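What follows is a short report on a single structure.
We use all heavy atoms of the structure for the numbers below, so side chains are in, but hydrogens, waters and symmetry mates are not. This is a predicted model, so every value here is computed, not measured.
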Amino acid sequence: LTAEGKIVEGAILEIIDSVSKTPVRAIRSNRVGHFMTVTPLKNGGYELMTEKDGLTFDPIQFQAEGRLLPPIQIKAKA
């Protein structure tokens, strides 16, 4: 989402392994702002980096633990 809460289409999301610091997935948000990966991540810590021209996002840290993750809402900084 933008800082105002509008949907962001075409944002690039990169999932980075927290230990090796290497990217493990790259995804793009669709026209309703959703994104998902269908192949499981190995258990461990990850950082989600989001990029979209004109917007700035904080990285999001999360743990993969062999189960589905709850939805993540990503909102740009003001």
Side-chain angles (χ1 to χ4, degrees):
L1 300 173
T2 66
E4 297 78 27
K6 295 185 175 165
I7 291 171
V8 176
E9 179 183 355
I12 296 173
L13 300 106
E14 189 171 45
I15 301 172
I16 300 167
D17 183 292
S18 294
V19 175
S20 68
K21 303 296 184 197
T22 57
V24 294
R25 301 281 189 290
I27 356 177
R28 186 180 302 267
S29 62
N30 64 20
R31 49 183 253 204
V32 292
H34 295 175
F35 63 93
M36 93 170 107
T37 178
V38 294
T39 54
L41 296 168
K42 292 181 181 178
N43 289 348
Y46 295 91
E47 186 169 77
L48 180 64
M49 305 293 290
T50 308
E51 298 177 13
K52 179 69 178 177
D53 289 343
L55 298 172
T56 304
F57 299 88
D58 285 327
I60 295 173
Q61 284 80 30
F62 69 93
Q63 290 287 322
E65 299 173 335
R67 57 184 153 77
L68 291 176
L69 294 171
I72 300 171
Q73 183 181 57
I74 304 170
K75 194 168 187 177
K77 295 196 249 184

*Name all residues meeting the side-chain contact (heavy atoms from CB on, under 4.5 Å) criterion together with Ala11; count only those two or more places apart in sequence or in a different chain, and write none if there are none.*
Val8, Ser29, Thr50, Lys52
*Can you list every pair that meets side chain to side chain donor-acceptor pair (under 3.5 Å) and has a residue in residues 68-78, with sequence neighbours left out?*
Asp58-Lys77
*Evaluate the side-chain contact (heavy atoms from CB on, under 4.5 Å) criterion for residues Ile16 and Thr22: first the C-alpha distance (whole Å), next the side-chain angles of each, then the deciding distance (0.1 Å), finally the verdict.*
CA-CA 5 Å; Ile16 300 167; Thr22 57; 5.9 Å; no
*Whichever hydrophobic residues join Met36 through chains of side-chain contacts under 4.5 Å*: Val38
*salt bridge (Lys or Arg N to Asp or Glu O under 4.0 Å) partners of residues 17-33, not counting sequence neighbours, each pair once*: none
*What do the steps show when you test Ile74 against Leu1 for side-chain contact (heavy atoms from CB on, under 4.5 Å), and what is the final call?*
CA-CA 6 Å; Ile74 304 170; Leu1 300 173; over 6 Å; no
*asked:* Applying side chain to side chain donor-acceptor pair (under 3.5 Å), can you list everything that pairs with Ser18, at least two apart in sequence or on another chain?
replied: none
*Residue list, side chain to side chain donor-acceptor pair (under 3.5 Å) with Gln61, at least two apart or on another chain*: Glu47
_Test item: Ile27 and Ile12 side chains (from C-beta on) under 4.5 Å apart, heavy atoms_ = no
Flag yes if [X] and [Y] sit in one hydrophobic cluster, no otherwise; membership is Ile, Leu, Val, Met, Phe, Trp, Tyr, and two members link when side-chain heavy atoms are under 4.5 Å apart.
X: Val32; Y: Ile72; answer: no
X: Val19; Y: Met49; answer: no
X: Phe57; Y: Ile7; answer: no

_Quick test of your reading: applying ring-ring contact (aromatic ring centres under 6.0 Å, His included), list the pairs with at least one residue in residues 10-32, sequence neighbours left out, ordered by first then second residue._
none
*asked:* Taking ring-ring contact (aromatic ring centres under 6.0 Å, His included) as the cut-off, I'd like each qualifying pair that reaches into residues 4-56, sequence neighbours left out, listed once.
replied: Tyr46-Phe62
*For Glu65, all residues meeting salt bridge (charged side-chain N to carboxylate O under 4.0 Å, His left out), sequence neighbours excluded*: Arg67
*asked:* So, using salt bridge (charged side-chain N to carboxylate O under 4.0 Å, His left out) as the criterion, who are the partners of Lys6 when residues are at least two apart?
replied: none
_Closest contact, heavy atoms only, Ala3 versus Ala78_ = CB-CA, 3.7 Å
_Closest non-hydrogen atom pair, Gly66 against Asn43_ = N-OD1, 2.8 Å
